[in-house]
Trainee: 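Please find one structure pasted underneath; my questions will follow.
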Amino acid sequence: MHAPIFAPSLLAGNHAHLSEAIERIERAGPDWVHIDIMDGHFVPNLSFGPETVRALRKTSDLFFDVHLMLDNPQKYVQNFAEAGADLISIHVEPDYAVTDTLKRIRRLGCKSGIAFNPSTPVSAVEPFLDQVDLALAMTVQPGFGGQAFKTDVLNKVRELVGLRKASGLSFRIEADGGVDRQTIPLCRSAGVDTFVAGTSFFQAAQPRDLIALATG
Ligand code: DX5
Ligand code: ZN
């Protein structure tokens, strides 16, 4: 349905030299970079803010795939859109007006995504699938890079593929967390078309080979 996309995650890059991390992604070939935003509440960690996105926007034409791990994403979507996000994903778990926020993301000129944690059932995101460009399946508990891939989430990916087909929708399906040489083939066969990889990308001796596993 979609040409596969590989989106390296900036979280695993060198935070003292983020523009170099972006250059490394550009040299390896991907068109997307995944940028994780954490608030210390929805997840027990902090990462980047809108000013980071704005500064990087000046240095790069990559597609900015911004993943908000926030309790109150509705308060910040405008900041990230104005800072240069191309796609903004928000989580389904916190208590806020999800549909309104997805609409705002599109009105701000961005593509929209709905993200869900490994323990969240697909039924929680199903009501929003007709409002998004991408469904983001967390394949680790969000908050940190370098964790082990949760294989059981692939059943949810298969469920999403089924729902997409049954409903005639065309959202992308993104896997995020623990995506590496071993798990890319599993993701592919389950129906993932958008691969986020932090640790495995930045540690790869031959990142192009890793990317080819997903996109070749
Ligand atoms: C985790 C983040 C991921 C993270 C993935 O909360 O959403 O995007 O960067 O890192 P790896 O690929 O190292 O699991
Ligand atoms: Zn992410």
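Indexing begins at 1, ligand by ligand and atom by atom, following the structure's order. This one's a predicted model, so the numbers in the text were calculated from it and none came from an experiment.
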Trainee: Under a single-linkage definition using a 4.5 Å side-chain heavy-atom cutoff for Ile, Leu, Val, Met, Phe, Trp and Tyr, are Val161 and Phe171 assigned to the same hydrophobic cluster?
Mentor: yes

Trainee: Where is the nearest protein heavy atom to atom 13 (O) of ligand 1: which residue, which atom, and how far?
Mentor: Thr199 OG1, 2.4 Å

Trainee: Which heavy atom of Val77 sits nearest to which heavy atom of Leu68, and what is that distance?
Mentor: CG1-CD1, 4.0 Å

Trainee: Is it true that Met69 lies under 4.0 Å from ligand 1, counting heavy atoms only?
Mentor: yes

Trainee: Looking at the Zn ion (ligand 2), which N/O/S atom of Asp176 is the nearest one?
Mentor: OD2

Trainee: Starting from atom 14 (O) of ligand 1, which protein heavy atom do you reach first, and at what distance in Å?
Mentor: Gly178 N, 2.8 Å

Trainee: Below 4.0 Å from any atom of ligand 1, is there a heavy atom belonging to Ser200?
Mentor: no

Trainee: Considering only protein heavy atoms, which is closest to atom 10 (O) of ligand 1, and at what distance to one decimal place?
Mentor: Gly145 CA, 3.5 Å

Trainee: Taking distance alone, with no angle check, do Val179 and ligand 1 share an N/O pair under 3.5 Å?
Mentor: no

Trainee: Do we get Arg24 above Phe202's six-membered ring, with its NZ or CZ under 6.0 Å from the centre and within 45° of the axis?
Mentor: no

Trainee: Which atoms of ligand 1 sit under 4.0 Å from any heavy atom of Pro142?
Mentor: 6 (O)

Trainee: Is the ring pair His67/His91 parallel, tilted or perpendicular, if the boundaries are 30 and 60 degrees?
Mentor: parallel

Trainee: Would you indicate whether the side-chain heavy atoms of Cys110 and Phe80 approach each other to under 4.5 Å?
Mentor: no

Trainee: I'd like to check whether Gly143 has a polar contact with ligand 1, where a contact means an N/O of the residue lying under 3.5 Å from an N/O of the ligand.
Mentor: yes

Trainee: Could you tell me, atom by atom, which parts of ligand 1 come under 4.0 Å of a heavy atom of His34?
Mentor: 8 (O)

Trainee: Would you call Ser89 and Leu134 a side-chain contact if the rule is heavy atoms closer than 4.5 Å?
Mentor: yes

Trainee: Round to 10° and report the angle made at the Zn ion (ligand 2) by ND1 of His67 and OD1 of Asp36.
Mentor: 90°

Trainee: Output the distance between atom CD1 (Ile114) and atom CG (Leu136), rounded to the nearest 0.5 Å.
Mentor: 9.5 Å

Trainee: Return the minimal non-hydrogen interatomic distance between Ala190 and Val157, and the atom names on each side.
Mentor: O-CG1, 3.6 Å

Trainee: May I ask you to check whether Gln147 has an N/O atom sitting below 3.5 Å from an N/O atom of ligand 1?
Mentor: no

Trainee: Note the single closest protein heavy atom to atom 11 (P) of ligand 1, along with its residue, its atom name and the distance in Å.
Mentor: Gly146 N, 3.7 Å

Trainee: Students should be able to answer this: which protein heavy-atom is nearest to atom 12 (O) of ligand 1, and at what distance?
Mentor: Gly198 N, 2.7 Å

Trainee: Any heavy atom of Ala197 sitting closer than 4.0 Å to ligand 1?
Mentor: yes

Trainee: Can you name the nearest heavy-atom pair linking Ala81 to Leu108, along with the distance?
Mentor: CB-CB, 3.7 Å

Trainee: Any idea how Phe63 and Trp32 line up, ring-wise: parallel (<30°), tilted (30 to 60°), or perpendicular (>60°)?
Mentor: parallel

Trainee: Between Gly177 and ligand 1, does any nitrogen or oxygen pair lie at a separation below 3.5 Å?
Mentor: no

Trainee: Could you tell me which atoms of ligand 1, counted from 1 in the order shown, lie closer than 4.0 angstrom to a heavy atom of Met138?
Mentor: 7 (O)

Trainee: Mark yes when over 12 heavy atoms from residues, nucleotides or ligands other than Asp152 sit less than 6.0 Å from its CG; otherwise mark no.
Mentor: yes

Trainee: What I'd like to find out is whether the side chain of Val179 reaches to under 4.5 Å of the side chain of Ile184, using heavy atoms alone.
Mentor: yes

Trainee: To which protein heavy atom is atom 9 (O) of ligand 1 closest, and what is the distance rounded to 0.1 Å?
Mentor: Ser9 OG, 2.7 Å

Trainee: With a cut-off of 4.0 Å, which atoms of ligand 1 are near a heavy atom of His67?
Mentor: 7 (O)

Trainee: Looking only at N/O atoms, are Asp176 and ligand 1 under 3.5 Å apart anywhere?
Mentor: yes

Trainee: Do Gln131 and Thr99 have side-chain atoms, one donor and one acceptor, less than 3.5 Å apart?
Mentor: yes

Trainee: Identify the closest protein heavy atom to atom 1 (C) of ligand 1: which residue and atom is it, and at what distance?
Mentor: Phe144 O, 3.7 Å

Trainee: Nearest heavy atom to atom 2 (C) of ligand 1: which of Asp36, Asp65, Thr183 does it belong to?
Mentor: Asp36

